[in-house]
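The next block holds one structure in the form of structure tokens; read it before the comments.
Just follow the structure's listing: the first ligand is 1, and inside any ligand the first atom is 1.
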Amino acid sequence: MPTVTYTQPDGTTKNIEVKVGQSIKDGAVNNLIPGILAECGGACACATCHIYIDDQWFGKVGPAEDIEKDMLDFAEDVKDNSRLSCQVDMSEDLNGLIVHVPENQ
Ligand code: FES
């Protein structure tokens, strides 16, 4: 199964297996990764699943669609590599993906 590395603001990391087709949010919530609240359950309606895609991976993951961009307006400290983790689905291509959990949601 492909893995995702979740990096906390203090630099600690956890490697988690995420099934193809599950979201990066699912991988976090199912494994109790701190800092990803996902209050709306993945409906792109809360922005509390905000993450930063590691720079070396952003080209593969790609930017947000318009509806996600609108919701990102409600997230804190949004950067060019910001995404909502419920809107990024795991694929074999993303095996080894590194994401960074923000300081605040
Ligand atoms: Fe609510 Fe992603 S879980 S926007």
Atoms of ligand 1, numbered as shown, that sit under 4.0 Å from any heavy atom of [X]:
X: C40; result: 1 (Fe), 3 (S), 4 (S)
X: C86; result: 2 (Fe), 3 (S), 4 (S)
X: C44; result: 4 (S)
X: C49; result: 2 (Fe), 3 (S), 4 (S)

- line: Heavy-atom closest pair (N95 atom, W57 atom, distance to 0.1 Å) is O-CH2, 3.1 Å

Under 3.5 Å donor-acceptor, [X] side chain and [Y] backbone:
X: R83; Y: G62; value: yes
X: N81; Y: Y52; value: no
X: K25; Y: G41; value: yes
X: S85; Y: H50; value: no

- request: Heavy-atom distances under 4.0 Å are what count here, so tell me which part of S85 touches ligand 1: side chain, backbone, both or neither.
  value: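 Looking at S85 and ligand 1, no heavy atom falls under 4.0 Å.
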
task: Could you tell me whether A38 approaches ligand 1 through its side chain, its backbone, both or neither, with non-hydrogen atoms closer than 4.0 Å?
output: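 Within the 4.0 Å criterion, A38 contacts ligand 1 through backbone and side-chain atoms alike.
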
N/O/S atom of C46 inside 2.8 Å of atom 1 (Fe) of ligand 1, strictly under: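 Checking C46: at least one N, O or S atom is under 2.8 Å.
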
message: Checking S91 against D93: is there a side-chain donor and acceptor pair closer than 3.5 Å?
response: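 Per modelled atom types, D93 and S91 side chains form no pair under 3.5 Å.
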
query: Which protein heavy atom lies closest to atom 3 (S) of ligand 1, and at what distance to 0.1 Å?
result: G42 N, 3.3 Å

